[in-house]
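Keep in mind that this is a model prediction, so the values were computed, not measured.
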Amino acid sequence: MTVHICQLANFYGPTSGGIRTAIDQLSMRYALAGHRCSLIVPDALTGVVERPHRTEYRIAAPLVPGLGGYRLIVEPALVGALLEDLRPDVIELSDKSTLLRPATRARATGAAVVLISHERLDAVLGQRLRWLPGRAGGVVRFNRWIARHVDAVVAASGFAASEFDGLIEPGRLRRISLGIDLDDFRPVTKQARLASSREPGARCPLIVSAVRLSGEKHPGLLVEASRALLAGGIRHRFDVYGDGAMRRRLEAAARRLPMTFHGHVGDRTTLARAMAEADVAVAPGPHETFGLAALEMLASGTPVVVPRSGALPELVTPGTGAVTAMSGEGFADAIRTLLSGSRDEQRDRCRARAEQFGWDHTADDLLAIHEAVVDGVPTAGRPGTPDEPAATDQAAAARSYL
């Protein structure tokens, strides 16, 4: 069966991380399988771009302050009108804010909707707005509304899936891991790592992190960890890849530390080599629903330090990294432990762990869901006109992105 899949996403742009990678990898494989693909995303200007594997519809949208260049579509009616013209068989929705309404309204006129849950609203709201303990019910109501108005919810981890526990039938909540490009990200030889050292004489341990420099990712822990390592007598270099609103503040805090902030690196080959040449990687985000950057580091053969919360501990297995407390000292202790291990064994185990994840499997599993919901399985029926979530719940969800 050939289906027309329309992918919808906010925060898709030149510096995007996991969402952009996932959408691009999946649409390419959908097209190779013979399906028609469309993409609707925000941009500086409205326009249509034809790609070999999809048609991209770009809608003019403003930048979101403090998010390092991400844009948010603020005129959902434009998306709704476009969906009426496109008439896709299935909408693959990667958003819980302004694109939710046009997607569910298109469902009422015949399009199936599959939500890929890239974030947990309770975690994001609890961190940013500081009021979640008193209003957790609003998040539950909002997620229950989502569950009623989509055909399936896809979560990449147990952490992501648990947000919908008890709110949706088990058959409509599916766990599908994201993947990794094992050709782009691969280990380098010991000789190549030694040759990359900028230090004369004995090689100085190299630590690396690839993370958006914004509050929800807790990049300040990287600075604290570097400071704790120096205080403990551990000479090192710390390379940070990524940009965001906190960059200047972090650079000022790290002025006397052996840290280099490289900003956003668009060349995947350069980033992959930097990950592979490191001795230890750090992924500080406590609310990740999967952790593509951490998986890329594992594929590069580099063990990764992650916090105890979120989905990242689900990726790390014995010999591939360390799970620790959310503190600079905790991260520093974990880095010390990994630096004392056998680098060759770590490289082999990290690579073997990453090889369990592949984009082909992810695309195949999602295509099976898309084809099933188009056929009406497991969906029992779609409402004629969807109701709307409570205004307060919808506003709270949108504010989690701002």
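Of all heavy-atom pairs spanning C204 and D279, the tightest one is O-OD2, 4.4 Å. When every heavy atom of W359 is checked against every heavy atom of A22, the shortest pair comes out as CH2-CA, 3.5 Å. Among all heavy-atom pairs drawn from A294 and A283, the shortest one is CB-CB, 4.2 Å.
A donor-acceptor pair under 3.5 Å is formed between the side chain of S309 and the backbone N or O of P286. Between the R107 side chain and the V113 main chain, no donor and acceptor come within less than 3.5 Å of each other. Counting only distance, with no hydrogens or angles, the side chain of S27 and the backbone of D24 share a donor-acceptor pair below 3.5 Å. Formation of a donor-acceptor pair under 3.5 Å by the R351 side chain with backbone atoms of L182 is found in this model. Checking side-chain atoms of T289 against main-chain N and O of A160 turns up no donor-acceptor pair under 3.5 Å. Within the 3.5 Å criterion, the main-chain N or O of M275 finds no donor-acceptor partner in the side chain of S300. K96 contributes a side-chain N or O that, together with a main-chain N or O of E119, makes up a donor-acceptor pair within less than 3.5 Å.
Looking only at side-chain heavy atoms (C-beta outward), I369 and D365 stay at 4.5 Å or farther from each other. Between R36 and L86, some side-chain heavy-atom pair lies under the 4.5 Å cut-off. Considering only heavy atoms from C-beta on, F261 comes within 4.5 Å of L213 through its side chain. Side-chain atoms of H53 and C37, non-hydrogen and from C-beta on, never get closer than 4.5 Å to each other. With a 4.5 Å cut-off on side-chain heavy atoms, N10 and L99 count as touching. Between I59 and D43, every side-chain heavy-atom pair lies at or beyond the 4.5 Å cut-off. Between S94 and L8 there is no side-chain heavy-atom pair separated by less than 4.5 Å. Using a 4.5 Å heavy-atom threshold, the side chains of R20 and V41 count as separate.
Put simply, CG on L26 and CD on Q7 are 6.5 Å apart, with the number rounded to the nearest 0.5 Å.
Under the 30°/60° scheme for interplanar angles, the aromatic rings of H236 and F238 are found to stand perpendicular. Between H218 and H287, the ring planes are perpendicular. Angles over 60° get that label, and only those under 30° would be called parallel.
Salt-bridge formation is detected for the pair E56/R54: a Lys NZ or Arg NE/NH1/NH2 atom is positioned less than 4.0 Å from an Asp or Glu carboxylate oxygen. D360 and R29 are joined by a salt bridge, as a carboxylate oxygen and a charged side-chain nitrogen come within less than 4.0 angstrom of each other. Electrostatic pairing of R255 and E251 does not count as a salt bridge here, judged by no charged N lying under 4.0 Å from a carboxylate O. Under the 4.0 Å criterion applied to side-chain N and carboxylate O atoms, E169 and R172 are assigned as salt-bridge partners. Salt bridge R353/D348: absent, no basic N to carboxylate O contact under 4.0 Å. Here R186 does not pair with E355 in a salt bridge; the nearest charged N to carboxylate O distance is not below 4.0 Å. The residues R175 and E314 are annotated as salt-bridged, a charged nitrogen and a carboxylate oxygen being separated by less than 4.0 angstrom.
Between S162 and R120, the side chains place a donor N or O and an acceptor N or O closer than 3.5 Å (distance only, hydrogens not considered). Inspection of the D95 and S97 side chains reveals an N or O donor paired with an N or O acceptor under 3.5 Å. Between the side chains of E50 and T55, a donor-acceptor pair is found at a separation under 3.5 Å.
Counting non-hydrogen atoms of neighbouring residues, nucleotides and ligands closer than 6.0 angstrom, the CZ atom of R174 reaches no more than 12 such neighbours. Counting heavy-atom neighbours within 6.0 Å of R87 CZ, excluding the residue itself, gives a total of 12 or less.
Taking Y30 as the reference, H370 meet the ring pair (Phe, Tyr, Trp, His ring centres under 6.0 Å) condition, with sequence neighbours excluded.
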